[in-house]
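Just so you know, these numbers use all the heavy atoms, side chains as well, and skip hydrogens, waters and symmetry mates. First the proteins, then the strands, lettered A, B, ... as listed; each starts at 1.
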Amino acid sequence: MRFSAPKGTYDILPPESAAFLAVVEALSRPAILAGYGYVQTPLFEDTALYQRGVGESTDVVSKEMYTFHDKGGRSLTLRPEGTAGVMRAIVEHRLYAGQLPVKLWYTGPNFRYEQPQSGRYRQHVQVGLEAVGVDDPALDAEVVAIADDGYRSLQLTDYTLGLTSLGDEQCRPGYRRLLVEFLDGLDLDADTRRRVQLNPLRVLDDKRPNVQAQLVDAPLPPDHLCGDCAAHLESVQSRLRALGVPYVVSPRLVRGLDYYTRTTFEFTHRGLGAQASIGGGGRYDGLLETVGGPAMSGIGFGLGVDRTMLALAAEGRVVAEPARCRVFGVPLGELAAARLFVLVAELRRAGIAADLAYGGRGLKGAMKAADRSGATYAVVLGDRDIQAGTAQLKDLRSGEQIAVPLDSLVATVQERLT
RNA sequence: GUGGGUGUAGCUCAGCUGGUAGAGCACCGGGUUGUGAUCCCGGGUGUCGCGGGUUCAAGUCCCGUCACUCACCCCA
């Protein structure tokens, strides 16, 4: 039996894995600087949490969840998105009773049973954050700007921020009726008709040309906002302008999760193919209440780490050099191997990245390994040197080599590397 | 769930109308147990995705299946 990674999953190996870690770091740093604390929630939750929190009418819940029963008969589901679990934690630990807003960030994998394609996997990693308990458009702008700062710190340029408002419980129902009325007059297939009933907003961003052609005169959310929602959207925009965050108002932007209200946004990258969204989020007033908490507003985002990697590749950006070895031990014979084994450990304890030729490779092979390790120095040690109480310290770039007393080798290397 | 494309070495790929599996790179060893990145020599590391069929003979033709990939729906 030959095993391979399950469908829709993949391995991240060196040296690219170093870039992956760097992307997680780059996307989360702006959140940390903005006062968001790290939260880690389980990779699986009670199935009902997602059914209630994400919404039964969403594709995520209706057909993409990895649901299973544990030995206690509980129905559990592998986390399909990050927000619901964080809301559960906020309610369970009554974080909403403390200082507001509650600001949390997280990273980790999400699981969705989907048909894989470019940029879409059954397991994907996000960096996300949530700000709960304060209803202030400035907070919306902060959240959007944090995401933009993350992408910008990675030198990404070929992306666009789309922004809109989906309205609230005041104006959404009326708009929804208007939209359904319009959509009912169109020539749509059965699948889409069903969607009109479940969540008509989502028909707006259907990509099929024959559908889009019929939507040119469709009523759009930003044109039917109540006064409060319109003022909110305008305030978010003016804050973004103040920060110099470029955005485009995208009236057809809709998201597939039911909980979004008012501010909704999405970052799309031009180098990615069909799955172009590298991150998105929005306001979800009412979600906390849905999962058993008080009626409090909230806003957050999820940024796709896998897709950000693809975006970086599309722009030809190399993110991080793999952590490189600085000193490489080349032993000649058993005695030298034993001595170098300890010496290399001492270098590491002194904070110097060091490695050693294992397996008695012979001088040529060991030197080759030293070269490939990227080390600045090779320490060559043989019987002759041990007799003399020295080691040969070779600069692999210049080829120069000097004898250094074994006792002071760590100190000498430390000095030369700084 | 639906549709298209592709499966040959670690990677990128060649292999014609069927005739017993190759190249480049990578890797390993040697040239030199006291010096790497250059050079020279040597080594193929393979379930031709898998199963079945046709044939004297299948990487090649047929059927099935699986995987990968791209796209739709949807999302990061």
How far, in whole Å, is [M] from [N] if one measures between their [atom1] atoms?
N: B:G18; M: B:C62; atom1: P; result: 11 Å
N: B:A14; M: B:U6; atom1: P; result: 12 Å
N: B:U20; M: B:C25; atom1: P; result: 26 Å
N: B:G10; M: B:G19; atom1: P; result: 24 Å
N: B:G51; M: B:U8; atom1: P; result: 16 Å
N: B:C16; M: B:A58; atom1: C1'; result: 15 Å

Whole angstroms only, please: what is the [atom1]-[atom2] distance between [X] and [N]?
X: A:His124; N: B:A76; atom1: NE2; atom2: C1'; value: 4 Å
X: A:Met309; N: B:A76; atom1: CE; atom2: C1'; value: 14 Å
X: A:Glu64; N: B:G1; atom1: CD; atom2: P; value: 12 Å
X: A:Lys394; N: B:G34; atom1: NZ; atom2: P; value: 14 Å
X: A:Lys207; N: B:C72; atom1: NZ; atom2: C1'; value: 8 Å
X: A:Arg79; N: B:A76; atom1: CZ; atom2: P; value: 14 Å
X: A:Gln117; N: B:C68; atom1: CD; atom2: C1'; value: 14 Å

N/O donor-acceptor pair, side chain [X] with base [N], under 3.5 angstrom:
X: A:Glu266; N: B:A76; result: no
X: A:Gln392; N: B:U35; result: no
X: A:Lys364; N: B:G36; result: no

Could you go step by step and tell me if A:His269 and A:Tyr159 meet the ring pair (Phe, Tyr, Trp, His ring centres under 6.0 Å) rule?
-> CA-CA 4 Å; A:His269 194 276; A:Tyr159 67 90; 7.1 Å; no
Could you check which nucleotide pairs with [N] in any of the strands shown, counting Watson-Crick or G-U wobble with both distances under 3.5 Å?
N: B:C61; result: B:G53
N: B:G1; result: B:C72
N: B:C39; result: B:G31
N: B:C48; result: none
N: B:C11; result: B:G24
N: B:U17; result: none

Exercise: do A:Asp285 and A:Tyr260 side chains pair donor with acceptor under 3.5 Å = no
With a 3.5 Å cut-off and no angle check, do the side chains of A:Thr83 and A:Glu130 form a donor-acceptor pair?
-> yes
Pair A:Phe328 + A:Tyr377: ring centers closer than 6.0 Å | no
Is A:Arg372 near enough to B:C28 that one of its side-chain N or O atoms lies under 4.0 angstrom from OP1 or OP2?
-> yes
How would you label the contact of A:Gly399 with the nucleic acid (heavy atoms, under 4.0 Å): base, sugar-phosphate, or nothing?
-> base
Could you tell me whether A:Gln401 contacts a base, only the sugar-phosphate backbone, or nothing, with contacts defined as non-hydrogen atoms closer than 4.0 Å?
-> base
When you measure from the side chain of A:Asp371, which nucleotide among B:C72, B:G36, B:A76 comes out closest?
-> B:G36
Basic-acidic side-chain contact under 4.0 Å: A:Arg239, A:Asp140 | no
CZ/A:Phe341: more than 12 non-hydrogen atoms of other groups inside 6.0 Å = no
